[in-house]
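Chain A is the first sequence line, chain B the second, and so forth, proteins listed ahead of strands; every chain is numbered from 1.
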2 protein chains.
Amino acid sequence: MQMKTGVEQSVYAVLLLNMLPDKAVLHSEVISGQIGASPTYFQKLLRKLVSADLITSVPGVKGGFKLKKDPEDIRVYDIYVAIEGQQSLYSPSGILNDVLELEYDDRCCVLGGLMEEAEESWKAVLKRETIASLAEQVESDRFVHHVTDLKKWVEENMVV
Amino acid sequence: MQMKTGVEQSVYAVLLLNMLPDKAVLHSEVISGQIGASPTYFQKLLRKLVSADLITSVPGVKGGFKLKKDPEDIRVYDIYVAIEGQQSLYSPSGILNDVLELEYDDRCCVLGGLMEEAEESWKAVLKRETIASLAEQVESDRFVHHVTDLKKWVEENMVV
DNA sequence: ATAATCCGGATAATTATTATCCGGTTTAAT
DNA sequence: ATTAAACCGGATAATAATTATCCGGATTAT
């Protein structure tokens with residue numbers, strides 16, 4: 001049981017897109033190159049972020065990706081759901097129902113309630129943090145000098 | 001990202017073992033049969049529970065498994081860790097470190113802190129519930145009549 | 001027109017999980 | 001003692017999930 005690496009990669013991709021000036025886009029291969037992900041697969045991840053309305057894609061030459069929402073409105077949770085999907089961490093297999101020989105009406109799951117709560121608790125933390133708040137951390141004194149390099153890189157590689 | 005079904009199966013197995021009178025044991029194939037799991041693989045899961053000191057195995061003919069601890073002292077979390085292992089849901093791949101070209105000293109992970117907190121939050125819920133409290137739920141009025149059947153089944157299939 | 005990009009479907013490669021098998025050790029019963 | 005029935009643990013196979021690739025189509029700046 002491990003979170004897909006795609007979630008982490010996507011978060012960093014969105015952080016990169018957040019450094020773009022208005023109207024500018026970043027080519028998918030440029031992003032995946034910087035992140036060190038497989039270009040073709042990473043494009044699939046970007047598509048999921050597009051479907052989730054977190055980023056926008058512009059087709060054609062000089063095309064690429066950019067944020068669709070303000071960074072304050074993109075929660076880490078949104079990215080998590082976009083990539084991992086809606087399905088919960090725990091899918092009750094109804095073992096106890098069989099064990100107890102329950103009729104359909106009586107079906108319940110002792111673990112279900114607990115697991116649901118655990119998952120909500122996990123998600124709640126992911127809902128708290130946004131791309132804006134993450135970006136703020138990255139901008140902290142400690143890294144500010146590296147970040148300016150990164151922003152330079154973004155400006156050199158962005159389109160339009 | 002989905003919890004192993006082995007965790008759920010193990011929880012129910014422990015609930016069954018909890019119905020055993022003192023000194024009695026349950027044969028692994030009897031348990032896996034009731035739960036509907038593959039016998040050989042399920043034995044591996046039982047081994048993990050043994051390694052985690054949650055249950056005891058007695059070898060030889062008339063052997064089997066029984067609880068090692070009181071049900072109050074077995075948390076769902078313990079079973080989760082026994083089966084899934086210690087590794088966290090999120091393993092930082094250090095993408096941002098590369099992106100920011102950080103020196104080894106400076107290495108950190110913006111997501112790491114958040115993910116760690118999320119996971120702790122999830123685990124906290126699993127730590128709350130014990131086998132004893134789960135058993136209590138199962139004993140509730142609603143199911144008590146089925147449970148007596150189940151206990152009868154346990155008595156018929158237990159050894160010594 | 002052309003080239004560069006996104007798009008989406010099919011498919012393959014890799015990895016994680018689940019499942020099986022087999023030879024070994026322990027123990028109750030004969 | 002011998003035997004049969006269980007656990008033990010290592011090797012291995014089958015299955016499922018994740019990651020990665022490929023290709024033909026649609027879109028757009030030049």
Side-chain angles (χ1 to χ4, degrees), chain A residues 1-10 13 17 23-33 35-52 55-66 68 80 82-85 87-91 93 95 157-160, chain B residues 1-10 13 17 23-33 35-52 55-66 68 80 82-85 87-91 93 95 157-160:
Chain A
M1 185 195 194
Q2 189 125 18
M3 202 176 69
K4 296 186 193 172
T5 67
V7 175
E8 185 184 12
Q9 295 173 328
S10 298
L17 294 182
K23 302 290 177 186
V25 299
L26 227 41
H27 180 199
S28 78
E29 282 207 36
V30 168
I31 306 174
S32 58
I35 289 182
S38 119
T40 57
Y41 180 56
F42 193 71
Q43 203 171 29
K44 305 273 188 220
L45 298 181
L46 288 172
R47 294 296 306 122
K48 291 190 177 188
L49 297 177
V50 170
S51 298
I55 69 178
T56 300
S57 68
V58 349
V61 60
K62 283 195 155 189
F65 297 86
K66 62 184 175 185
K68 183 167 188 179
Y80 164 79
I83 303 298
E84 293 265 354
Q87 70 178 349
S88 70
L89 304 190
Y90 168 75
S91 55
S93 51
I95 295 169
N157 289 94
M158 69 189 188
V159 178
V160 164
Chain B
M1 186 195 193
Q2 188 125 16
M3 202 177 68
K4 296 185 192 173
T5 67
V7 175
E8 186 184 13
Q9 295 173 328
S10 298
L17 294 182
K23 302 290 176 190
V25 299
L26 226 41
H27 180 198
S28 77
E29 282 206 35
V30 168
I31 307 174
S32 59
I35 290 183
S38 119
T40 58
Y41 180 58
F42 193 71
Q43 204 173 25
K44 306 273 188 216
L45 298 181
L46 289 172
R47 294 296 307 124
K48 290 189 178 189
L49 298 177
V50 171
S51 299
I55 69 179
T56 300
S57 69
V58 349
V61 60
K62 286 195 157 191
F65 297 85
K66 62 183 174 185
K68 182 167 189 180
Y80 164 78
I83 303 299
E84 292 265 356
Q87 69 178 350
S88 69
L89 304 189
Y90 168 74
S91 55
S93 53
I95 295 169
N157 290 94
M158 69 189 188
V159 178
V160 167

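Interatomic distance, OG1 of B/Thr5 versus CG of B/Leu45, reported as 8.0 Å (0.5 Å rounding). With rounding to the nearest 0.5 angstrom, the CD atom of B/Gln2 is 7.5 Å from the CG atom of A/Leu89. Note that NZ of A/Lys23 and CE of A/Met158 are 13.5 Å apart. Values are rounded to the nearest 0.5 Å. Taking CZ from B/Phe65 and CZ from B/Arg47, the interatomic distance works out to 6.5 Å, rounded to the nearest 0.5 Å.
When heavy atoms are screened at a 4.0 angstrom cut-off, B/Met3 is found touching no nucleic acid atom at all. Here B/Val58 lies in heavy-atom contact (under 4.0 Å) with sugar-phosphate atoms only. Using a 4.0 Å heavy-atom distance criterion, A/Phe65 is classed as a sugar-phosphate-only contact.
If B/Gln87 and B/Pro39 are placed on DNA chain C by their nearest nucleotide, the residue sitting closer to the 5' end is B/Gln87. The residue among A/Leu26 and A/Gln2 whose nearest nucleotide of DNA chain C lies closer to the 5′ end is A/Leu26.
Atoms NZ (B/Lys62) and C1' (C/dT30) sit 13 Å apart, rounded to a whole Å. Across the protein-nucleic acid pair, B/Glu29 atom CD and C/dT20 atom C1' stand 12 Å apart, rounded to whole Å. Distance, A/Arg47 CZ to D/dT27 P: 13 Å, rounded to whole Å. Rounded to an integer number of Å, the gap from B/Tyr41 OH to C/dA16 C1' is 10 Å. Atom C1' of nucleotide C/dT27 and atom NE2 of B/His27 are separated by 14 Å, given to the nearest angstrom. For the pair B/Lys68 NZ and D/dC7 P, the computed distance is 17 Å after rounding to whole Å. One interatomic measurement links the two molecules: NZ of B/Lys44 to C1' of D/dG9, which rounds to 6 Å at whole-angstrom precision. The distance from atom CD of B/Gln43 to atom C1' of C/dT26 is 14 Å, rounded to the nearest whole Å.
Taking only side-chain nitrogens and oxygens, A/Thr40 never comes nearer than 4.0 Å to OP1 or OP2 of D/dC22. Residue A/Ser28 has a polar side-chain atom (N or O) positioned under 4.0 Å from OP1 or OP2 of C/dC6. In this model, the phosphate group of C/dT20 is approached by a side-chain N or O of B/Ser38 to a distance below 4.0 Å at OP1 or OP2. Residue A/Ser57 places none of its side-chain N or O atoms closer than 4.0 Å to OP1 or OP2 of C/dT5.
No donor-acceptor pair closer than 3.5 Å links the side chain of A/Gln9 to the backbone N or O of A/Phe42.
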